[in-house]
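Notes to accompany the following structure.
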Amino acid sequence: MSTPNDKKFSFEIKKSAENSLARVGTISTPHGDIQTPAFIPVGTKATVKSVLPGAMKDLGSQALLANAYHLYLQPGPDVLDEAGGLAKFMNWPGPTFTDSGGFQVLSLGVGFKKVLAMDAKTFRSDQVIAGNKERLAHVDDDGVTFKSHLDGSMHRFSAEVSMQIQHKIGADIIFAFDECTTLHNTRPYQELAMERTYDWAIRCLDEHKRLTDVRSDKPYQALFGVIQGAQYEDLRKKAAHDLGTMSSSGIEFDGFGIGGALDKGSLGTIVGWVNSTLPENKPKHLLGIGAPEDLFVGVENGVDTFDCVLASRIARSSAVYTMQGRFNVANAPYVRDFNPIDDECDCFTCTNFTRAYLCHLFRGKEMVAATLATIHNERFIVRLVDQMRQALLDGNFMDMKEEFLGRYKHRSGQSRD
RNA sequence: GGCGGGUUGCCCGAGCGGCCAAUGGGAGGGGACUGUAAAUCCCCCGGCUCUGCCUUCGAAGGUUCAAAUCCUUCACCCGCCA
């Protein structure tokens with residue numbers, strides 16, 4: 001039987017790069033270790049869509065990240081608690097994370113029915129400022145009121161509620177409840193949101209401490225504070241400083257998440273501000289980032305773990321990664337292409353099936369199309385970050401990065417050139 | 001043999017004198033997706049020398065300023081009656 005202190009959370013840095021913030025380390029949790037930098041695939045509702053846990057393990061996933069808001073609505077935190085926690089419930093043999101529901105403040109709030117583009121040029125500020133009557137989430141200083149996207153019922157989240165839910169879900173690493181904003185909220189609004197996030201961070205620490213003491217029979221859960229501040233240097237650094245030094249109820253954050261508005265072009269700069277301000281010896285998780293080129297930027301700016309739905313989401317609509325870039329395997333040129341998706345890939349899909357077969361499955365709307373494409377994309381991303389870790393250990397990260405980016409071209413139809 | 005219904009762009013299917021190159025679906029072609037309201041969403045989809053022109057709504061002929069829409073004949077399909 002676990003006791004709160006017998007397998008406590010820890011983070012050990014094994015090697016730091018000389019000319020960047022990049023480092024190699026190990027995060028230890030009650031359910032196992034994570035060698036960092038690492039990509040953590042997302043299984044929002046306690047499953048990576050279309051892929052079984054065993055397959056996720058086989059493709060090299062070290063941990064999975066689920067979502068407190070979604071699991072709260074269905075099946076409910078009590079079910080997860082009775083099941084013995086998230087990992088046991090979904091039969092995942094390793095560490096787990098849960099997001100707090102902070103992202104849903106945005107995605108169901110002002111971001112409702114909007115494309116929350118990472119590219120500042122494709123996101124119009126009036127889309128945010130104009131407001132939106134249909135939105136399902138409304139924020140105030142104390143918390144957020146959600147209208148369930150499943151049945152329309154009303155729900156109230158606060159720092160305390162999010163902690164209570166995440167404690168019942170029982171992931172090894174949980175996140176503080178924050179307000180996620182977009183690239184185009186006004187500066188005064190970003191300041192307001194950041195103040196709330198700061199306020200909620202203290203309340204999360206307090207509630208987390210209380211719940212940890214009450215449930216002393218359960219494995220220790222690590223709490224990560226979330227850094228907001230949008231694109232503003234002073235706000236990001238202030239948030240990083242404040243949360244980095246924050247202590248309440250006698251505890252501090254075990255690690256940090258970097259969230260919110262992150263324009264692709266300034267991703268590295270912003271993450272660099274944050275990570276050079278936060279305490280060096282604690283793990284940093286970059287929330288929601290996972291495009292290949294962005295992962296390099298994150299790693300060299302001190303990010304230890306990433307999570308992102310992109311790999312699995314694009315897989316379900318037939319986009320697949322290769323070392324040369326991504327392409328749509330359901331397109332006409334692949335009907336009779338009997339090569340693997342990527343001949344350099346070692347995944348289950350690439351070692352057993354052809355592009356033509358995947359193309360056929362997608363066109364026939366067969367469910368395994370999503371499974372096979374997701375396995376491939378998740379493997380591609382997990383492996384890419386694994387290769388970054390190895391390159392850092394070998395001292396040739398920059399060469400590895402140059403070589404990859406030199407070959408990898410995201411053949412996007414827009415926003416290029 | 002008689003009566004009735006039908007034949008529309010790759011497929012299904014609206015339209016029933018002008019606002020019709022012709023509504024919708026599907027298929028097909030392409031794109032997007034970054035703490036998952038997402039097996040979703042968006043765009044294109046007769047041709048061209050493309051703010052206009054040409055050829056299309058079973059075939060041929062006719063009425064009309066104007067026909068996918070009305071009339072005649074023919075071909076094929078589907079019902080019901082003999």
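In what follows, chains are A, B, ... by sequence order, proteins preceding strands, each numbered from 1.
The CG-P distance, from A/Leu310 to B/C41, rounds to 18 Å in whole Å. As rounded to whole Å, 11 Å separates atom C1' of B/C33 from atom NZ of A/Lys264. One interatomic measurement links the two molecules: NE2 of A/His70 to P of B/U36, which rounds to 6 Å at whole-angstrom precision. When the C1' atom of B/G28 is taken as reference, atom CZ of A/Arg363 falls 8 Å away, rounded to whole Å. For A/Ile289 and B/U36, the CD1 to C1' distance is 14 Å, given to the nearest whole Å. In this structure, CG of A/Leu73 is placed 13 Å from P of B/U36, rounded to the nearest angstrom. For A/Phe362 and B/U40, the CZ to C1' distance is 13 Å, given to the nearest whole Å. Following rounding to the nearest Å, A/Phe157 (CZ) and B/G35 (P) show an atom-to-atom distance of 17 Å.
Distance from the side chain of A/Ala332 is smallest for B/G29 among the nucleotides B/G29, B/G35, B/C33. For A/Asp178, taking side-chain heavy atoms from C-beta onward, the closest of the listed nucleotides B/A39, B/G35, B/U36 is B/G35.
No hydrogens or angles were tested; on distance alone, a donor-acceptor pair under 3.5 Å links the side chain of A/Ser312 to the base of B/U36. For A/Ser317 against B/A38, no side-chain N or O and base N or O form a donor-acceptor pair under 3.5 Å. You won't find any donor-acceptor pair under 3.5 Å spanning the side chain of A/Gln166 and the base of B/G35, going by distance alone. A donor N or O paired with an acceptor N or O is not found under 3.5 Å between the base of B/G30 and the side-chain atoms of A/Asn328. Counting atom types as modelled, A/Arg316 pairs no side-chain N or O with a base atom of B/A38 as donor and acceptor under 3.5 Å.
Remark: A/Gln104 is not in phosphate contact with B/G35, judged by side-chain N or O atoms under 4.0 Å from OP1 or OP2. Side-chain nitrogen and oxygen atoms of A/Lys365 include none within less than 4.0 Å of the OP1 or OP2 phosphate oxygen of B/U40. Checking the phosphate oxygens (OP1, OP2) of B/G31, a side-chain nitrogen or oxygen of A/Asn331 falls inside 4.0 Å.
Base-pair partner of B/G4: B/C78 (Watson-Crick or G-U wobble, both distances under 3.5 Å). Pairing partner, B/U49: none, since no Watson-Crick or wobble contact has both distances short of 3.5 Å. Look at B/A14: it lacks any Watson-Crick or wobble partner with both distances under 3.5 angstrom. B/U40 is paired with B/A32 under the Watson-Crick or G-U wobble criterion, all donor-acceptor distances under 3.5 Å.
For the atom pair OG1 (A/Thr371) and CG (A/Leu361), the distance works out to 9.5 Å, reported to the nearest 0.5 Å. To the nearest 0.5 Å, atoms OG1 (A/Thr44) and CZ (A/Phe103) are separated by 9.5 Å.
For the pair A/Ala370 and A/Ala291, nearest-nucleotide mapping onto RNA chain B gives the more 5' position to A/Ala291. Each of A/Val335 and A/Ala66 has a nearest nucleotide on RNA chain B; the 5'-most of these lies closest to A/Val335.
In this structure, the ring of A/Phe348 has its center no less than 6.0 angstrom from the ring center of A/His376. Taking the six-membered ring wherever Trp is involved, the centroid distance between the rings of A/Phe97 and A/His285 falls below 6.0 Å.
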Could you walk me through whether A/Tyr72 and A/Phe157 pass ring-ring contact (aromatic ring centres under 6.0 Å, His included), step by step? CA-CA 10 Å; A/Tyr72 157 79; A/Phe157 265 47; 5.1 Å; yes
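Spacing between B/G58 and B/A68 at atom C1', rounded to whole Å, works out to 12 Å.
At a cut-off of 3.5 Å, with distance as the only test, no side-chain donor of A/Thr186 or A/Gln190 sits close to an acceptor on the other residue.
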